[in-house]
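The structure appears right after this line, and notes come after that.
All of these numbers come straight from a predicted model, not from anything done at the bench. For reference, positions follow the sequence shown, starting with 1.
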Amino acid sequence: MPNWLKDAVFYEIYPQSFYDTNGDGIGDINGITEKLDYIAGLGCNALWLNPCFDSPFKDAGYDVRDYQKVAPRYGTNQDLYRLFGEAHRRGIHVLLDLVPGHTSEEHPWFLESQKAERNAFSDRYIWTNHCFQPTTGYPYIGGECERNGTYLLNFFKCQPALNYGFLRCEEDWQLPTDHPSCIATREAMKDVMRFWLDHGCDGFRVDMAMSLVKNDDAEKNGTCAIWRNVRAMLDKEYPEAAILAEWGDPVRSLKAGFHMDFYLDAPGNGYNALMRDYGRVENPRNEDHTFFKQDGHGDMTRFLAEYLPNYLATREDGYYCLITCNHDTVRPRYNLTQQELKLAYAFLFTMPGAPFLYYGDEIGMRYQTLPTKEGGYFRTGSRTPMQWTNGRNAGFSTAPADALYLPVDTSAAAPSVAAQEADPDSLLHTVRALLALRHRETDLQADAVFDVVNARQGQQLFLYRRGALLLALNPSAEAVEASVEGGTRQILFSIGGGAAEDGTIRLEPQSFLVLR
């Protein structure tokens with residue numbers, strides 16, 4: 001386990017929407033470099049950059065055309081190398097987004113693979129033997145290539161699946177995972193990783209990490225074997241490099257060699273109950289029982305029922321990480337007030353694992369209802385430009401408004417960094433204080449023990465321990481009291497106020513306490 005992950009707090013950046021330095025309306029690598037002092041000032045000492053490789057951008061860069069080239073709209077490879085160096089100078093590690101399961105249909109590997117004559121890349125992707133033979137059980141494309149066959153897709157139409165083999169081969173066009181061509185695919189992806197690690201990258205967030213081997217079993221043994229092989233390479237050649245899975249199943253991913261996995265939002269799951277228990281944004285229910293909503297009347301039990309078994313089963317293997325949001329998720333300001341967000345972040349930033357703060361969530365950027373852009377669909381509304389000031393284009397770009405990658409939030413209620421800097425009670429200042437506390441107290445960092453003290457159905461009060469610290473959370477509109485072992489405790493941090501005397505903790509409405 002890389003030592004730096006113990007105290008890591010990640011800031012996720014959607015490059016095209018963060019900061020534009022050349023006035024073309026699209027964020028760029030140099031814009032990230034210019035804002036590194038701001039990021040460090042938040043208390044974030046690690047970055048995750050969404051895809052910045054060359055791409056046709058049919059899926060916002062998750063359709064890679066060249067794994068070893070920065071997309072020209074973001075700058076050059078030299079710009080990215082400079083970002084690595086400037087980040088390291090400030091004590092910030094940088095993860096790139098790796099997409100190993102598929103490429104763009106414009107990738108040179110695919111252009112060779114689709115040729116009629118056999119070549120070194122013919123089996124780099126998954127093909128059937130005939131133009132009218134489907135990839136049974138999987139989405140596929142036919143009729144567009146020289147080759148007499150159809151090819152399997154990993155997700156969108158623009159994303160042909162790379163060939164890591166089939167755990168169970170059921171048709172003659174399916175190759176086993178130990179076939180030389182499938183091993184060559186794995187080794188090619190390791191070479192991509194080596195390229196960026198050699199230039200200063202600190203690791204990778206891995207997109208759709210569970211999607212490699214086809215006809216895999218329920219335990220994902222075929223895919224897990226590949227990641228164990230990759231982890232062995234990293235341990236030998238780059239022991240301080242980290243890999244983070246988009247998997248949502250830490251019992252599989254962490255035991256397969258990933259250092260971290262996410263607990264991601266899904267309708268009805270435990271994470272959803274914390275911040276987004278209102279149904280899908282396209283068709284919300286009339287009721288919102290989100291735990292952190294003041295009048296939501298939710299409780300912690302649904303979250304804990306899923307989280308605790310995963311945490312307990314994997315706490316020796318790696319980190320199960322919580323997020324404020326990400327590029328695929330509706331921003332939490334959609335249904336939570338600034339005060340409710342303070343409590344939600346207080347919880348997220350004091351839990352085990354490495355927390356992830358999505359750009360703009362530190363000021364409560366709002367979700368925007370927008371037409372789809374580059375395959376974003378409903379997710380597009382969470383990918384809008386960062387709001388730095390209350391001036392032109394929210395300080396994101398000098399380009400004309402109609403040239404921006406996405407429109408900025410022009411509402412009078414739109415928050416900005418500049419406005420919140422001037423308000424000592426702002427969400428931004430609360431985030432900074434919380435992250436400073438996390439860095440200061442080792443009992444709040446990634447590997448300190450987590451125990452539930454009080455969590456009951458129908459009750460918003462939640463008490464938990466991190467190491468020797470006791471944390472108390474009351475998102476409701478009513479003051480509450482709870483009896484705990486021990487006498488008077490020192491309050492290290494508070495939101496909303498309260499007291500801890502003679503074995504009784506009193507929490508004011510919408511409050512949070514950290515006690516020693």
Side-chain angles (χ1 to χ4, degrees), residues 270-278 287-308 322 324 332-333 335-352 355 361 364 425-427 429-438 441 443-444 448 450-516:
Y271 175 81
N272 182 267
L274 293 179
M275 302 170 72
R276 298 175 178 84
D277 197 11
Y278 48 75
E287 297 180 350
D288 186 344
H289 296 295
T290 296
F291 173 76
F292 285 106
K293 197 165 182 63
Q294 178 180 325
D295 58 355
H297 305 293
D299 59 54
M300 267 288 175
T301 58
R302 179 145 51 106
F303 169 80
L304 292 171
E306 287 187 353
Y307 176 81
L308 270 177
L322 299 177
T324 63
R333 185 64 180 86
N335 68 318
L336 297 179
T337 67
Q338 295 263 347
Q339 182 65 20
E340 290 164 347
L341 286 176
K342 289 181 180 181
L343 300 179
Y345 294 172
F347 170 74
L348 295 174
F349 296 155
T350 57
M351 284 290 283
D361 279 354
D425 192 44
S426 68
L427 181 61
H429 282 287
T430 299
V431 167
R432 286 177 175 157
L434 281 164
L435 295 182
L437 177 71
R438 182 182 177 99
E441 298 289 336
D443 279 348
L444 295 179
F450 166 74
D451 289 305
V452 175
V453 176
N454 184 303
R456 299 175 184 174
Q457 282 190 326
Q459 183 182 96
Q460 283 185 280
L461 172 68
F462 179 53
L463 303 179
Y464 57 108
R465 283 195 180 90
R466 295 296 316 283
L469 301 180
L470 179 65
L471 298 91
L473 182 59
N474 174 28
S476 77
E478 306 294 331
V480 297
E481 291 188 352
S483 296
V484 295
E485 295 179 359
T488 301
R489 296 171 184 265
Q490 176 191 4
I491 297 177
L492 299 182
F493 184 89
S494 70
I495 297 172
E501 300 175 346
D502 300 325
T504 298
I505 297 176
R506 175 178 173 80
L507 290 162
E508 299 300 327
Q510 290 192 289
S511 63
F512 172 79
L513 299 177
V514 180
L515 307 163
R516 195 192 310 277

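Counting only heavy atoms from C-beta outward, the side chains of Tyr307 and Leu274 never approach each other to under 4.5 Å. Residues Leu461 and Leu473 are not in side-chain contact: their nearest non-hydrogen atoms beyond the backbone lie 4.5 Å or more apart. Residues Leu469 and Glu441 are in side-chain contact: their nearest non-hydrogen atoms beyond the backbone lie under 4.5 Å apart. Inter-residue side-chain proximity for Gln339 and Ile495 is flagged as met; some heavy-atom pair is nearer than 4.5 Å. Residues Phe450 and Met351 meet the side-chain proximity criterion, which asks for heavy atoms closer than 4.5 Å. You'll find the side chain of Val452 reaches within 4.5 Å of the side chain of Leu304, heavy atoms only. No side-chain heavy atom of Ser476 sits less than 4.5 Å from a side-chain heavy atom of His297. Between Leu444 and Phe349, every side-chain heavy-atom pair lies at or beyond the 4.5 Å cut-off.
Here the CE atom belonging to Met300 is positioned 12.0 Å from the CD atom belonging to Gln459, to the nearest 0.5 angstrom. Note: Tyr345 OH to Leu434 CG = 11.0 Å, rounded to the nearest 0.5 Å. With rounding to the nearest 0.5 angstrom, the CG atom of Leu427 is 10.5 Å from the CG atom of Leu336.
Remark: Arg333 does not engage Asp361 in a salt bridge, criterion side-chain N to carboxylate O under 4.0 Å.
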Report all side-chain donor-acceptor pairs from residues 496-514 shorter than 3.5 Å, counting only partners two or more places apart or in another chain.
| from | atom 1 | to | atom 2 | distance (Å) |
| --- | --- | --- | --- | --- |
| Arg506 | NE | Glu508 | OE2 | 3.2 |
| Gln510 | NE2 | Gln294 | OE1 | 3.4 |
| Ser511 | OG | Glu508 | N | 3.3 |
| Ser511 | OG | Glu508 | O | 2.5 |

Show me the donor-acceptor pairs within less than 3.5 Å that the side chains of residues 480-493 make with the rest of the protein, sequence neighbours left out.
| from | atom 1 | to | atom 2 | distance (Å) |
| --- | --- | --- | --- | --- |
| Arg489 | NH2 | Glu485 | O | 2.5 |

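When all heavy atoms of Gly270 and Glu306 are compared, the closest pair comes out as N-OE1, 2.8 Å. Closest approach of Met275 and Pro332 over heavy atoms only: CE-CB, 3.5 Å.
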Yes or no on side-chain contact (heavy atoms from CB on, under 4.5 Å) for Tyr271 and Arg276, after CA distance, side-chain angles and deciding distance?
CA-CA 8 Å; Tyr271 175 81; Arg276 298 175 178 84; 3.1 Å; yes

Run the numbers on Leu348 and Thr324 for side-chain contact (heavy atoms from CB on, under 4.5 Å), then give the verdict.
CA-CA 7 Å; Leu348 295 174; Thr324 63; 4.1 Å; yes

Determine, step by step, whether Leu471 and Arg465 satisfy the side-chain contact (heavy atoms from CB on, under 4.5 Å) criterion, reporting the C-alpha distance in whole Å, the side-chain angles of both residues, the deciding distance to 0.1 Å, and the verdict.
CA-CA 6 Å; Leu471 298 91; Arg465 283 195 180 90; 5.8 Å; no

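Legend: residues meeting ring pair (Phe, Tyr, Trp, His ring centres under 6.0 Å) with Phe347, ordered by chain and number and at least two apart, are Phe292, Phe303, Tyr464. Residues meeting the salt bridge (charged side-chain N to carboxylate O under 4.0 Å, His left out) test with Lys342, sequence neighbours left out: Asp425. Arg456 meets the salt bridge (charged side-chain N to carboxylate O under 4.0 Å, His left out) test with no other residue; sequence neighbours excluded. For Asn335, the side-chain hydrogen bond (donor to acceptor under 3.5 Å, both in side chains) criterion is met by Asp288, Thr290, not counting sequence neighbours.
Panel note: side chain Asp277, backbone Asn272; no donor-acceptor pair is recorded below 3.5 Å. The backbone N or O of Leu463 sits nowhere less than 3.5 Å from a side-chain atom of Asn454 that would complete a donor-acceptor pair. Judged by distance alone, with hydrogens and angles left aside, the side-chain atoms of His289 form a donor-acceptor pair with the main-chain N or O of Gly296 at under 3.5 Å.
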